[in-house]
Amino acid sequence: MGKHYLLNVFAVESLLLLEMDTFVDFINPTLTDCFASILGESKHKFPRPGGYTYMALLSTSHFSIHTWPEHSSAAIDLFTCGDIEAEEIMRYVIKYFNPVNYDLKVITR
């Protein structure tokens, strides 16, 4: 059916985990440049400590992120059943957050 990329980033600068609009401005062109078609979006900024959740409904499935600035971490999912450059998207996201440590798993579904 597809591949599900599960990325956890740790020890990330808190500002990156607070700035939802900056992340959305980064991820939208990244997704489209990597051949993912965004059909819709939903996002929510939480009050203190100020993390956010963002989800993009893709023509090939979805991309989502949940941030926890109080833990300096984020969880990112990308599920795709199409021909997008998923590995490249994950590399860009890792580079964006520049974590001290991260864990990336790929599950074939």
Side-chain angles (χ1 to χ4, degrees):
M1 292 187 311
K3 288 189 177 180
H4 198 163
Y5 295 79
L6 305 169
L7 173 64
N8 295 309
V9 293
F10 306 101
V12 173
E13 181 183 330
S14 292
L15 186 61
L16 293 172
L17 302 168
L18 292 166
E19 295 291 332
M20 179 177 64
D21 292 336
T22 304
F23 179 77
V24 172
D25 289 345
F26 154 77
I27 199 60
N28 284 1
T30 300
L31 291 169
T32 56
D33 288 350
C34 292
F35 307 107
S37 296
I38 300 171
L39 301 177
E41 299 175 280
S42 185
K43 58 186 177 178
H44 180 75
K45 178 88 164 116
F46 294 93
R48 286 196 164 276
Y52 61 86
T53 293
Y54 168 80
M55 176 173 258
L57 175 64
L58 306 177
S59 62
T60 58
S61 199
H62 72 270
F63 173 92
S64 67
I65 181 170
H66 310 280
T67 70
W68 292 272
E70 69 273 24
H71 298 293
S72 302
S73 65
I76 299 103
D77 289 10
L78 173 62
F79 181 59
T80 182
C81 58
D83 294 326
I84 69 171
E85 295 176 347
E87 292 87 4
E88 191 73 7
I89 293 167
M90 291 291 107
R91 279 193 290 274
Y92 282 126
V93 170
I94 292 166
K95 186 175 179 179
Y96 176 88
F97 285 111
N98 191 28
V100 170
N101 194 12
Y102 69 88
D103 179 42
L104 175 62
K105 291 181 175 56
V106 181
I107 300 169
T108 301
R109 301 181 90 180

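Atom set for the values below is all heavy atoms of this structure, side chains included, hydrogens, waters and symmetry mates excluded.
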hydrophobic_cluster_shared for Phe79 and Ile27, side chain cutoff 4.5 Å: no
Smallest heavy-atom separation, Leu78 atom then Met90 atom, equals CB-CE, 3.8 Å
Given Tyr54, which partner from the list His66, Lys43, Glu41 fulfils the side chain to side chain donor-acceptor pair (under 3.5 Å) test? Glu41
Decide yes or no for Glu88 and Cys34: does some side-chain heavy atom of the first lie under 4.5 Å from some side-chain heavy atom of the second? yes
Indicate the atoms forming the closest heavy-atom contact of Pro69 with Gly51, along with that distance. CD-CA, 3.5 Å
Inter-residue atom distance Cys81.SG - Arg109.CZ, 0.5 Å rounding: 11.5 Å
Out of Val24, Thr22, Thr30, Asn28, which residue meets the side-chain contact (heavy atoms from CB on, under 4.5 Å) rule with Phe26? Thr30
Verify the distance criterion only: is there a donor paired with an acceptor across the side chains of Glu87 and Tyr5 at less than 3.5 Å? yes
Taking Ile94 as the starting point, is it possible to reach Trp68 by hopping between hydrophobic residues whose side chains are less than 4.5 Å apart? no
Please determine whether side-chain contact (heavy atoms from CB on, under 4.5 Å) holds for the pair Leu6 and His4, giving the CA-CA distance in whole Å, both sets of side-chain angles, and the decisive distance to 0.1 Å. CA-CA 6 Å; Leu6 305 169; His4 198 163; 3.4 Å; yes
Flag the pair Val93 / Tyr102 as yes when at least one side-chain heavy-atom distance between them is below 4.5 Å, and no otherwise. no
Rounding to 0.5 Å, atoms CG (Leu39) and CG (Leu57) come to a distance of 5.0 Å
Between atom CZ of Arg48 and atom CD of Glu70, what is the distance when rounded to the nearest 0.5 Å? 11.5 Å
Given Leu31 and Ile89, is the side-chain contact (heavy atoms from CB on, under 4.5 Å) satisfied, shown in steps? CA-CA 7 Å; Leu31 291 169; Ile89 293 167; 3.8 Å; yes
Do Lys45 and Asp21 sit within salt-bridge range, that is, some charged N less than 4.0 Å from a carboxylate O? no
Mind checking whether Leu104 and Val9 sit in one hydrophobic cluster, side chains of I, L, V, M, F, W, Y counted as touching below 4.5 Å? yes
Side chains of His62 and Met55 in contact at under 4.5 Å (non-hydrogen atoms): yes
Can you tell if the side chain of Leu17 reaches within under 4.5 Å of the side chain of Leu15, non-hydrogen atoms only? no
Steps toward ring pair (Phe, Tyr, Trp, His ring centres under 6.0 Å) verdict (Phe23, Tyr96): CA-CA 9 Å; Phe23 179 77; Tyr96 176 88; 5.5 Å; yes
Close side-chain approach of Ser73 to Phe10, heavy-atom, < 4.5 Å: yes
Going by side-chain contact (heavy atoms from CB on, under 4.5 Å), Phe63 matches just one of Thr80, Ile76, Ile84, Asp77. Which one? Ile76
Kindly determine whether Thr67 and Phe46 satisfy side-chain contact (heavy atoms from CB on, under 4.5 Å), including the steps that lead there. CA-CA 10 Å; Thr67 70; Phe46 294 93; over 6 Å; no
Closest non-hydrogen contact found for Leu18 with Pro49 is CD2-O, 3.1 Å
Is the shortest side-chain heavy-atom distance between Thr60 and Phe35 below 4.5 Å? no
If you define the side chain from C-beta out and look only at heavy atoms, does anything of Asn98 sit under 4.5 Å from Val12? no
